[in-house]
Amino acid sequence: MVDLLVYALVSVGIFFLFIAAIGVVRMPDLYNRMHATSKAGTLGVGLILVAVAVFYQELSVAARALSALAFIILTAPVAAHALGRAAYLSGVKPCRDTYIDELAGHYQKNHKLESVEKPAPTSHTES
Amino acid sequence: MNTLILKTTSRFLFTLLLLLSVFLLLRGHNEPGGGFIGALVAVGAYALFALAHGLSAARKLLPLPPLRLVGWGLLVALVSALVAFFLDKPLMTGVWFSLFGVKIGTPVIFDIGVYLTVFGALLSAIFGLEETADRTPEEAS
Amino acid sequence: MSWLLVLPLLIPLTTGILCLVVASRPAQRVLGLVGALGLLAAAITLLVQVNQRGIQAVQVGNWPAPFGITFVADHLSALMVLITGVVAMVVALYALAEGDQPREQLGYYALCHFLLFGVNGAFLTGDLFNLYVWFEVLLLSSFVLMILGGSKAQLMGGVKYFAVSLLSSILFLVAVGLLYGATGALNMADLATRVGSVAPGLLSALAMLFLGAFGLKAAVFPFFFWLPASYPAPPVMISALFAGLLTKVGVYALIRVFTLLFTQDTAFTHTVLLWVAGLTLLLGVLLALAQGELKRLLSFQLVSHIGYMLMGLGILSPLALAGSVFYALNHMIVIAALFLLAGLLQRLQGTTVLVRMGGLYQSHPWLAVLFLLPAFSLAGLPPFSGFWAKFTLVAAGLQAGQYAIVTVALLVGLLTLLSMGLVFAEAFWKNPPKPFSPSATPPGLVLPVALLALLTLGIGLWAEPLLGLSQAAAQELLEPSRYIEAVLGVSR
Amino acid sequence: MSFLEGALLALTLTLPFALYRLVKGPTLPDRVVGLDLITSVAVAMAALYALVSGQTAFLDVAIALALFAFLATLGLARYIEYRGHKGD
Amino acid sequence: MTLAIISAFLGALLAPLVYRWLGSLAGWGLAFLPLSLTVYFASLLPTVIAGNAVRHSAAWVPTLSVNFSFYLDGLSLLFALLITGIGTFIVIYTGGYLKGHPDLGKFYLVLLLFMASMLGLVLADNIVTLFVMWELTSLTSYLLIGFNHTEFRSRRAATQALFVTAGGGLALLAGLILLAGMGGSWEISELLTKGEVLREHPLYLGSLVLVLFGAFTKSAQFPFHFWLPNAMEAPTPVSAYLHSATMVKAGVYLLARLQPALGGTEVWSSTLMAFGLATLLTGATLTFRHTDLKRLLAYSTVAALGALVFAIGMVPLTGYYGAVGFATFLLAHSLYKGGLFMAAGAVDHEAGTRDINQLSGLFRVMPITGVAVVLAALSLAGLPPVLGFIGKEVLYLASLQAAPVWMIGLAVLGFAVGATLALILSVPFFRGPPPAEVHEGPPSLWLGPLVLAGLGLLVGLFPGLYNPLADAVATAVKGAPASYHLKLWPGFNLALLLSLLTVAVGVGLYFLYPRLQAWMAKDPVPGPENAYVALLRGLMGLAARAERLLQSGSLRAYLVWVFGGLSGLVGLALLQSGTLPWPSQTAVVNPAKAVLMALMLLGALLVLRLRSHLGMVVGVGIVGAGVALLFLLQNAPDLSITQFLVETLTAILIALVLLQIRNIGEVPRGRWLDKAVALLFGGIVTLLMLGMLTEPMEHHLSNFFAQKSLPEGFGRNIVNVILVDFRGLDTFGEITVVGLAGLGVYALLKRLRREGKP
Amino acid sequence: MEIWMAFLVGGLTAVGVYLMLRPHLIQFLIGFLVLGNAANLLIFTAGRLGSSFPPLVQPSGTVLEPIANPLPQALILTAIVIGFALAAFGIVLFFRAQAVLHTLNAEAMPETLEAAPAPSPVDEVREERT
Amino acid sequence: MYNVVLTVFWMLVTESFTLSNFLVGFAICFLILLLARPLFDAPSRRYFTLAWKLPRFVALMLWEIVLSSVRVAQAVLSPRMPIKPGFIAYPLTVKSDLEITLLANLITLTPGTLSLDVSTDRKVLYVHGMFVDDPQAVIQSTHDSLEKAVLEVTQ
Ligand code: NA
Ligand code: NA
């Protein structure tokens with residue numbers, strides 16, 4: 001029973017890692033590729049880590065597996081942010097399909113970022 | 001890199017990395033880890049902090065200049081190697097004793113020396129390069 | 001005894017660490033000198049002990065050989081350590097007198113002693129991988145010393161030195177790994193008992209790999225090109241240390257492995273050594289003749305004369321090995337003296353480019369003497385230490401019927417003499433193209449050179465002690481069982 | 001070959017994709033994305049190998065990697081930010 | 001005797017001090033040293049003449065069985081007396097000749113050092129001792145020839161003399177070592193008793209060639225004669241002492257010394273006679289090319305040295321004429337040539353020129369010198385009643401026994417030039433008006449020539465004075481008792497006829513001299529010196545070419561040499577073993593690892609095509625990660641972690657540095673040679689690894705570690721226990737390396753900061 | 001497995017050597033890193049593969065067999081650290097060299113800074129003044 | 001931080017430097033600190049409320065990751081690659097560093113969006129979206145789910 005759960009988690013995890021891998025190859029530009037790694041990649045790794053925790057059913061192992069997972073969740077978005085930002089700043093062009101670019105022209109020479117005037121989204125707590 | 005997201009996250013990660021580093025150091029005698037690995041992680045922590053918050057902020061988190069740590073680390077290692085002299089054993093013979101109920105041996109102390117040395121040396125390199133880099137990006141951009 | 005054996009390590013190490021921890025410059029200067037003195041004293045004691053009691057070994061960490069790391073002092077090691085002490089002492093004196101403040105602030109003394117730490121470790125260790133580690137210690141110290149000050153020439157030379165040294169490190173690593181994979185051993189005595197079962201072809205190939213790794217350090221053909229590109233760059237208080245010690249570590253390592261480990265197919269391996277020796281001798285001296293700058297010229301001379309040391313190793317008779325050992329010891333003294341002297345001349349004349357120098361025979365006759373003593377010694381002329389070195393090798397070569405290499409050895413001696421004669425004519429005899437105002441030479445700078453020059457003369461006049469010790473070293477080298485027994489405690 | 005060993009093999013088969021991106025680029029950030037993916041797969045492999053070998057010590061590899069690997073991305077990102085994506 | 005030699009050296013070392021005390025009187029003061037030595041050696045005359053050799057020996061380098069040993073028989077004693085005796089006058093002469101010269105103190109030092117070395121040379125019994133002294137004479141003479149060191153000509157002559165004589169010395173060393181090996185002793189006195197063994201040894205010819213090479217270069221035999229006239233750049237005391245009376249005779253001495261051991265073979269006699277004669281003729285011929293007094297004398301010396309070697313060659317072929325002729329001519333030549341040189345120097349010193357065409361009427365202003373010159377010239381010409389005549393007579397007697405007629409004819413021609421030269425030298429003293437403001441020099445300048453020439457006359461008139469010593473010398477050279485009654489008037493014989501012929505030809509040549517001189521000076525025949533110059537020019541050219549080819553400054557070239565050389569050596573080793581290794585293990589591989597390995601290799605190869613530096617850094621990340629994963633899958637968690645951490649930090653460091661470099665430069669494309677070398681070396685490594693894998697692995701080390709790790713190392717992580725305990729010293733070195741790297745980076749960057757620019 | 005490792009190591013060595021032969025110092029450094037990896041793998045293989053367990057003694061004190069050979073691992077750890085220290089120093093050295101010499105191309109760094117004519121035993125040599 | 005120090009002390013006492021022991025120690029120390037709550041001032045107390053709210057937040061986050069991965073998978077696997085990528089400016093209502101960071105990271109992990117940067121005046125978060133046919137809709141949904149969750153944890 002536990003084995004089956006473990007196998008399932010591992011299989012799904014690997015599936016998502018494949019998704020990330022294929023995405024990295026297939027996606028049209030850098031920014032879209034980063035979606036693939038930051039989401040599917042994280043999930044894939046996470047599932048396998050969970051599988052480890054499930055397999056051993058020991059507190060110490062589970063704690064280690066889950067802390068590894070936590071670290072990934074903590075670091076992956078930061079890395080994506082830093083890379084995406086740097087790429088944009090350095091002039092990596094988005095693909096031609098890109099629908100809208102509200103960021104264009106808002107980076108200043110010293111890499112400071114201007115804001116745009118935009119209506120704030122309606123908020124339930126505020127309304 | 002002057003970004004809010006990185007700055008905020010790095011505060012957490014810095015602590016986490018340092019924690020991890022101490023762990024890897026202390027349990028290295030029994031599980032994967034050890035002084036060198038621990039020191040590398042600690043260097044990573046400081047490198048991250050320097051990257052996010054600038055060099056001077058990172059320097060403030062260290063009580064003494066990193067290069068001085070090299071000297072002290074080597075001194076710790078040397079002392080741990082010399083303990084055997086008083087027992088009339090050859091250089092670096094392991095000596096184990098209990099301190100407040102904790103079993104401590106000269107090899108473990110030696111590993112701490114390794115930790116300090118590697119940490120100090122690599123940090124000195126990173127800090128040195130960060131210092132020169134502080135000016136450069138503006139010129140280059 | 002077990003601690004005496006590691007003292008040549010501990011003294012420079014402690015000195016180096018204290019120099020790092022203590023920031024005050026005067027304190028570092030005192031430490032530097034005291035450390036060198038202590039090293040010399042320890043080295044003398046060690047040699048006396050070894051001479052009286054035979055090969056000494058200590059199991060570091062109290063783990064029995066071959067499991068832990070063994071430190072071994074036989075005659076060869078003890079002699080090398082002794083001369084290291086002498087060179088260290090003399091260079092320390094020179095550095096004190098020179099008082100190069102910027103370099104001292106950047107850790108000159110600490111680096112010097114870490115270098116000595118590595119050098120002595122290399123001489124004393126009985127473990128092949130540990131030897132690798134010592135090589136790296138002395139390499140990194142030398143890198144830093146090389147670039148200390150960061151002038152254009154230093155960086156240019158430093159890059160080449162660094163690049164080639166990286167290569168030698170990797171080669172050494174690969175060679176050790178392969179040997180370990182073929183025998184399962186790292187302790188050299190342990191290895192010596194096991195190499196016999198390795199396929200001869202493979203063993204010879206590994207021997208060649210070690211020849212490459214150590215040959216790069218020793219600067220022999222075809223691996224020497226980096227040395228003249230880099231050694232002239234730093235100030236002489238650094239390049240003298242390099243010239244005196246670093247290449248000798250490579251030579252020492254070659255002697256060690258080619259007497260202890262690779263003696264199965266000497267018809268191949270040691271013939272190769274002779275070829276390498278001959279080509280090194282010839283090309284080195286030929287290139288020295290093409291030089292017009294003193295330190296670079298000396299660097300080529302340094303390279304050339306490494307060939308003599310290999311020659312004895314290649315012949316592999318007791319007399320030849322004694323010659324090699326003696327040559328190495330003699331060469332450390334002589335070449336260090338010449339480099340230090342070049343520094344003095346640079347100070348006096350502001351240049352080491354020969355055509356721009358001159359007039360020193362008139363203005364500084366004592367310097368001329370101090371040049372001629374080591375210069376003639378380098379050329380192997382009596383009554384200097386270099387003569388006995390070459391004499392022993394030539395005699396050994398003739399006894400062994402190796403006429404070709406003897407011819408080369410003699411010819412190179414002649415060309416060395418020519419080269420040194422030209423230097424003397426240019427720097428001392430000739431009138432300087434631009435008159436220079438002779439300045440007082442600080443006695444503190446002359447003293448170290450004088451010590452070394454007198455040492456080469458002294459050894460030349462009374463060669464027996466050192467030659468006797470070299471002979472003892474050679475006999476030990478040719479009977480590996482003594483070494484093995486001292487390390488492993490059993491005769492196999 | 002057990003299931004887990006098969007899984008390990010399957011996991012390695014994601015690497016060619018990463019390699020493709022790593023080599024193909026076309027920009028430096030693209031290569032970094034490839035490297036990122038390799039890191040993720042490495043964490044997964046460490047975890048998976050902890051299952052395969054029955055030794056939880058390998059989880060430590062995963063932990064260290066999870067917390068450390070993004071530093072490389074950050075360092076490279078800073079380079080890209082100031083020096084452009086073409087590499088030099 | 002040993003003491004005498006040591007005191008000679010010590011006395012020499014004191015010379016600069018003495019010069020400082022005594023100033024211009026130092027010459028007289030210092031002459032006390034050679035004088036007392038002369039007296040000492042003279043006191044040994046009775047012993048030696050009685051046939052008792054004196055031998056002193058002290059252990060020097062017992063390890064090599066080398067002794068500091070000396071041996072005095074007639075031959076050595078004659079030389080010792082010449083060295084110290086003539087030395088006495090030379091020192092006195094120097095005081096006058098170089099009066100006030102700034103380098104005079106150094107000159108005395110080196111001159112006396114030379115004397116001591118020369119003394120050591122002729123007295124040495126041990127081969128090594130002899131060689132040491134031999135080389136010392138070369139070194140001191142180098143310094144003496146270069147006395148006028150600000151002149152390029154002097155420096156060139158000094159270097160040339162050093163090169164030629166030291167080169168010969170090295171051959172001599174080899175020859176002597178061979179001889180010692182063949183005879184089983186380092187002592188010459190012992191080798192002399194083993195002539196039979198030596199001559200029949202297979203290495204006889206080789207060692208003979210080497211010894212002759214050494215002796216010929218030192219004694220300026222054809223074709224090495226050219227350095228001697230060039231050495232006339234030296235001040236006259238040097239020419240008189242080294243280049244006529246003593247040093248150039250070192251080679252002659254050695255041949256005479258070894259004659260009993262090596263002589264007696266066909267090759268010995270014919271070689272020595274041929275080269276001696278050739279030298280005699282060369283010296284004689286070239287005399288005609290010059291008008292410079294010292295040059296003339298130098299060529300005459302070359303001729304005389306040839307005659308002496310010729311004589312030694314004849315020793316085994318004659319009963320006693322050869323040996324006695326050698327002994328007599330040797331003394332005669334030393335006396336007259338030393339005197340002539342000093343006189344020439346005195347003339348030069350007083351008249352300001354050495355060109356014989358510009359000198360005239362000197363006898364009236366320099367009568368004492370004139371007397372000395374005339375007496376010496378008589379000896380040179382071989383005319384009675386001086387010793388030169390007797391010497392030549394005996395030589396003719398010997399050659400009539402030993403040499404074919406054509407050789408005798410040539411010898412007469414050679415000796416005839418001596419007579420010519422005697423005329424050339426004497427005539428300026430009597431011809432023409434005396435020059436203005438030229439007068440006799442101080443006693444120091446004329447004492448030497450006068451005494452030496454006078455001695456020649458004295459011994460010529462009373463040959464009995466010398467006869468006992470001459471017999472002793474001859475006995476030593478012959479290796480068997482040899483004695484001949486020297487007499488001034490031998491009666492009418494063939495030799496006297498030859499002497500008359502010699503003088504006649506000589507006088508005839510004198511009249512041809514001006515025309516010959518003009519002709520030869522105008523169109524000099526290329527000689528061995530041209531070969532020497534061409535050789536050295538070629539050498540320097542070769543050196544420069546080697547520098548351009550090998551030491552090009554290209555790091556890549558150096559590395560190609562390293563990798564190529566190493567591949568060659570290892571390949572050679574594998575080839576000569578014959579078989580290529582192939583391990584018998586199964587090639588089965590876990591598929592996951594196989595994929596990983598394939599990807600690493602593929603990735604590494606593909607990365608080579610990248611045209612961006614940081615791109616490559618990122619790209620080789622696949623290799624680093626692959627290695628880490630392999631470590632992981634091979635059960636090495638510590639390694640895997642370390643590898644990942646290190647790869648990451650390396651990338652960070654490189655990025656941090658590249659960030660600050662504005663002009664990184666292009667990524668250059670590879671060349672075929674690089675590719676070939678890389679592939680070759682990679683292949684070699686693979687082969688070596690395969691070979692390694694064929695060897696069975698011993699696991700004694702790892703088993704020990706696994707067993708002891710917990711119970712004695714108190715740690716469960718075996719790798720860590722190895723690192724901090726079993727092999728803790730490795731780690732100590734390792735952290736030192738890391739610390740040093742930190743220090744190095746600090747040093748590099750600290751400097752950068754101070755300059756305030758990147 | 002070991003056999004294939006031999007080919008992998010050989011291949012990586014070739015790549016490393018090739019990169020080290022490039023005149024550009026950054027490439028040289030990358031080559032060194034690759035070669036270092038190859039050397040480490042070589043040592044690893046030298047200790048023989050085919051283990052099932054990491055070199056850790058179980059908390060119970062037993063050693064599971066077949067355990068991975070711990071010695072090469074320790075050696076490689078040392079080698080990695082040393083290699084890293086070398087690389088770190090090298091990076092900064094090249095950086096500094098670039099700052100002073102204005103190039104990272106080793107071929108553009110001459111052997112000596114100033115020409116020095118060699119003296120000759122037969123001809124007088126003087127410095128050419130331009 | 002104090003908790004950590006205590007935990008290290010725990011480990012020293014128990015002579016076991018393992019992660020599990022750390023966690024056990026951490027838990028024990030946490031409980032001790034919880035008991036000692038009255039000793040601390042107000043900001044420190046938030047530590048304990050946070051410990052309560054965090055698990056819910058984490059659960060939400062994990063769920064969002066799963067959702068987003070599925071959408072990425074759809075996109076990646078579909079032959080036509082039905083994406084409408086674009087950069088949009090997301091006006092922030094949260095103010096503190098921690099809040100903005102949390103939100104940005106959450107946005108990255110959730111479907112179709114990836115935080116690129118925050119404007120220097122902290123008013124706008126620039127986001128790359130994979131499916132931005134209607135930017136306003138994206139902004140609104142993010143605001144409703146994620147920003148709310150963040151505020152819940154931090155306030
Ligand atoms: Na080297
Ligand atoms: Na060296």
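By convention in this document, chain letters (A, B, ...) are assigned in the order of the sequence lines, proteins followed by strands, and residues within each chain are numbered from 1.
- Of the atoms belonging to Lys160(C), it is side-chain heavy atoms, and not backbone ones, that fall under 4.5 Å from chain F.
- Put simply, OG1 on Thr112(F) and NZ on Lys295(C) are 13.0 Å apart, with the number rounded to the nearest 0.5 Å.
- Heavy atoms closer than 4.5 Å to chain C are found in the backbone of Ser120(F), but not in its side chain.
- Residue Glu111(F) holds its CD atom at 4.0 Å from CZ of Arg296(C), rounded to the nearest 0.5 Å.
- No side-chain heavy atom of Phe32(F) sits under 4.5 Å from any side-chain heavy atom of Leu167(C).
- At a 4.5 Å heavy-atom cutoff, the contact between Leu166(C) and chain F is made by backbone and side-chain atoms alike.
- Ala153(C) touches chain F through backbone and side chain together, each having a heavy atom under 4.5 Å away.
- Heavy atoms closer than 4.5 Å to chain F are found nowhere in Thr352(C), neither backbone nor side chain.
- Leu155(C) is listed as a side-chain neighbour of Arg96(F), based on a closest heavy-atom distance under 4.5 Å.
- For Phe94(F), the part lying near chain C is the side chain, with the backbone staying farther off; criterion is any non-hydrogen pair under 4.5 Å.
- At a 4.5 Å heavy-atom cutoff, the contact between Leu42(F) and chain C is made by side-chain atoms alone.
- Each of Ala38(F), Pro110(F), Ala106(F) has some count of heavy-atom pairs under 4.5 Å with chain C, and the biggest count is that of Pro110(F).
- Among Pro72(F), Gly16(F), Gly31(F), the residue making the largest number of heavy-atom pairs under 4.5 Å with chain C is Pro72(F).
- For the pair Arg356(C) and Glu114(F), the salt-bridge criterion is met [side-chain N within less than 4.0 Å of a carboxylate O].
- With a 4.5 Å cut-off on non-hydrogen atoms, Val137(C) does not touch chain F at all.
- For Leu171(C), no part sits under 4.5 Å from any heavy atom of chain F, backbone or side chain.
- Looking at heavy atoms from C-beta onward, Leu178(C) lies out of side-chain contact with Ile43(F) at the 4.5 angstrom threshold.
- Closest of all the heavy-atom pairs between Val159(C) and Ala97(F) is CG2-CB, 3.8 Å.
- For the atom pair CG of Leu113(F) and OG of Ser151(C), the computed distance is 7.5 Å after rounding to the nearest 0.5 Å.
- Ring pair Phe89(F)/Phe143(C) is parallel by interplanar angle, where below 30° counts as parallel and above 60° as perpendicular.
- Heavy atoms of Ile76(F) lying under 4.5 Å from chain C are absent altogether.
- Using a 4.5 Å heavy-atom cutoff, the side chains of Pro119(F) and Val355(C) are not in contact.
- Contact record, Ala118(F) with Leu289(C): CB-O, 3.6 Å, taken as the closest heavy-atom pair.
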*Test log, rule side chain to side chain contact (heavy atoms under 4.5 Å, CB included), inputs Val174(C) and Thr13(F)*: CA-CA 10 Å; Val174(C) 166; Thr13(F) 306; over 6 Å; no
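- The residue among Leu186(C), Ile147(C), Leu297(C) with the most heavy atom pairs within less than 4.5 Å of chain F is Leu186(C).
- Looking at Ile82(F), only its side chain comes within 4.5 Å of chain C, counting heavy atoms on both sides.
- Gln291(C) touches chain F through its backbone: at least one of N, CA, C or O sits under 4.5 Å from a heavy atom, while the side chain does not.
- Looking at heavy atoms from C-beta onward, Leu354(C) lies out of side-chain contact with Val125(F) at the 4.5 angstrom threshold.
- For Leu173(C), the parts lying near chain F are the backbone and the side chain together; criterion is any non-hydrogen pair under 4.5 Å.
- Interface summary for chain C: among Leu75(F), Leu101(F), Leu93(F), the most heavy-atom pairs under 4.5 angstrom belong to Leu75(F).
- Across every non-hydrogen atom of Gly47(F) and Tyr180(C), the tightest pair is CA-CE2, 3.9 Å.
- In terms of heavy-atom pairs under 4.5 Å with chain C, the best-connected choice from Ala85(F), Gly90(F), Gly83(F) is Gly90(F).
- Here the side chains of Leu86(F) and Glu136(C) are in contact, with some heavy-atom distance below 4.5 Å.
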